[in-house]
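Accompanying notes for the structure given below.
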Amino acid sequence: MKFLQLLGELLVIYILYKVIFDFIIPVYKTTKQVKTKMNDMHSRMQEQQRTQSSQPTQEPVKKSTSISKDDYIDYEEVK
């Protein structure tokens, strides 16, 4: 009986070991890595916005609004 109890306890310890070292720790490391990358990306985006807002904005080039005769196409309606 003690042998089966010892075997059961060892099995539980082994399962806990596998769960902790094969699942929990890798998930923790991956989460930490993703969080640092997201923070880096966020800081880069803020820096980019800061540099864009500090640069003087250029006014869009206005196109000529004068209409010439060449702008129109003559056509006949076909019935």
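A quick note: this is a predicted structure, and the numbers were derived from the prediction, not measured.
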Less than 3.5 Å apart, which donor and acceptor atoms pair up between the side chains of residues 9-21 and the rest of the protein, not counting sequence neighbours?
residue: Lys18; atom: NZ; partner: Asp22; partner atom: OD2; Å: 3.1

Report the C-alpha separation of Leu6 and Lys2 in whole Å, then their side-chain angles, then the decisive distance to 0.1 Å, and conclude whether the side-chain contact (heavy atoms from CB on, under 4.5 Å) test is met. CA-CA 6 Å; Leu6 178 64; Lys2 290 196 178 225; over 6 Å; no
Where Ser43 and Asp40 come nearest, the two heavy atoms and their spacing: OG-O, 2.8 Å
Rounded distance [0.5 Å steps], CE in Met41 versus CD in Gln46: 12.0 Å
Are Ile25 and Tyr28 connected, step by step, through hydrophobic side chains (Ile, Leu, Val, Met, Phe, Trp, Tyr) whose heavy atoms are closer than 4.5 Å? no
Check Arg44 with Glu47, please: is the shortest side-chain N to carboxylate O separation under 4.0 Å? no
Could you check Gln52 against Gln48 for side-chain contact (heavy atoms from CB on, under 4.5 Å), going step by step and ending with a plain yes or no? CA-CA 6 Å; Gln52 285 180 354; Gln48 186 179 18; 3.9 Å; yes
Residue list, side chain to side chain donor-acceptor pair (under 3.5 Å) with Lys37, at least two apart or on another chain: none
Results of side chain to side chain donor-acceptor pair (under 3.5 Å) for Asn39 - residues two or more places apart only: none
